[in-house]
Amino acid sequence: MTELDMWLGLALNYKATDILMSEAHPPRLRIDGDVVAMNNASPLPMEGVVKDLISRLNPEQQAISNELLSNKMDVDCSFGHSSGARIRANIYRTVDGRAIALRVIPAKRLTAKEIGLPDSVMKMCNARSGLFIVTGPNGSGKTTTLTAMLDVINETRPVHIVTIEDPIEYILHNKRAWISQRELRTHIADFRSAVRSVVRENPNVIVLGEIRDPDSTRTALDLAETGHLVLATMHTRDSISTVERLIGQFDSAMQPQVRVMLSENLLGVLAQLLIPKKGGGLVASFEVMLSSSSVRNMIREQKLGQMASVLQTSQKRGMISMEESLKLLEKRGLINSAEEHIWRDF
């Protein structure tokens with residue numbers, strides 16, 4: 001058994017979500033959100049671990065990864081494990097030398113019901129067009145939520161789903177839907193090439209792994225405007241900051257046009273956090289902002305500050321603020337203190 005196998009087995013045994021390795025320090029596991037040191041652990045021979053990891057990729061991925069490493073660039077990749085889990089890996093360099101961050105993707109993924117996705121979010125799975133964004137900090141379960149939504153679409157709609165991922169985490173299999181999963185650098189050269197060709201692939205539903213810059217934002221809006229359901233993730237703290245970032249990426253001359261496009265095509269934003277549960281484990285807390293006439297007007301008229309009051313007063317329409325969601329979890333006895341997480345995470 002290699003060092004990598006040993007630590008992957010340990011992570012699965014402890015139900016850890018992540019493994020952190022570096023040349024200078026013993027590996028640690030992330031368990032229930034905390035980075036935990038393991039007794040008697042020692043630093044690993046990272047060159048050997050990196051070679052072992054890369055050997056688990058297919059030949060094309062190996063060639064790409066080795067080229068990136070030779071140019072002192074980071075490597076993002078994923079591979080299957082004998083347990084049925086998938087492992088997402090990032091190989092990078094630090095002042096301490098080579099380092100690896102591994103994310104454990106369980107073999108049995110959670111369903112929308114198990115995650116606790118609100119009914120208002122599940123209705124998005126029936127949308128024919130528009131942009132829906134799942135956001136939250138790193139490690140908050142965005143990809144798991146997006147995949148659960150895709151599972152619902154896959155089981156209920158005879159559509160073509162095209163995903164553009166970096167890297168692929170969950171493997172999806174055709175049910176009622178036809179699914180085409182594409183990984184950057186493995187199946188297509190880059191994001192720009194992928195989105196340029198995606199419309200010619202005849203999709204109904206398009207998944208953009210992450211909206212990161214003006215180009216990907218404009219692409220998502222254009223695709224939504226041309227009659228596609230676009231699902232994407234972002235790294236923002238809540239629904240209001242998500243809208244602010246989408247608009248703020250553009251210069252002042254472009255912002256009025258982006259505001260109009262966003263007001264017409266945004267279906268909603270789901271912001272989520274993973275909170276330590278009483279007795280161990282994690283539970284998701286959700287903020288839901290849905291498109292409504294008032295929300296659309298606020299986007300067009302640059303009145304985003306008023307959205308907080310809409311979240312507070314539109315629960316019957318399926319909206320909820322993060323603060324209220326946390327309070328509900330506390331009331332149900334699932335977490336210790338809503339106030340603690342509001343201040344810690346926001």
Hydrophobic side-chain clustering at under 4.5 Å (ILVMFWY, transitive links): who's grouped with I105? Put none if nobody.
Y170
Assess whether a salt bridge exists between [X] and [Y], defined as any Lys/Arg side-chain N lying under 4.0 Å from an Asp/Glu carboxylate O.
{"X": "R259", "Y": "E301", "value": "no"}
{"X": "D5", "Y": "R56", "value": "yes"}
{"X": "R98", "Y": "E47", "value": "yes"}
{"X": "R185", "Y": "D166", "value": "yes"}

Enclosure of [X] [atom1] (heavy-atom neighbours >12, cutoff 6.0 Å):
{"X": "D119", "atom1": "CG", "result": "no"}
{"X": "R28", "atom1": "CZ", "result": "no"}
{"X": "K278", "atom1": "NZ", "result": "yes"}

Nearest 0.5 angstrom please: R176 CZ to E155 CD, how far?
11.0 Å
How far does CD of E244 sit from OG of S239, to the nearest 0.5 angstrom?
9.5 Å
Is H235 close to N138 at the side-chain level, that is, under 4.5 Å between some pair of heavy atoms?
yes
Verify side-chain hydrogen bond (donor to acceptor under 3.5 Å, both in side chains) between Q249 and T217, making sure each step is shown before the conclusion.
CA-CA 9 Å; Q249 295 175 65; T217 297; 3.0 Å; yes
Quick one, M319 with S292, criterion side-chain contact (heavy atoms from CB on, under 4.5 Å). Give me CA distance, side-chain angles, the key distance, then yes/no.
CA-CA 10 Å; M319 300 195 213; S292 64; 3.9 Å; yes
Main-chain N/O of A85 paired with S83 side-chain donor or acceptor, under 3.5 Å:
yes
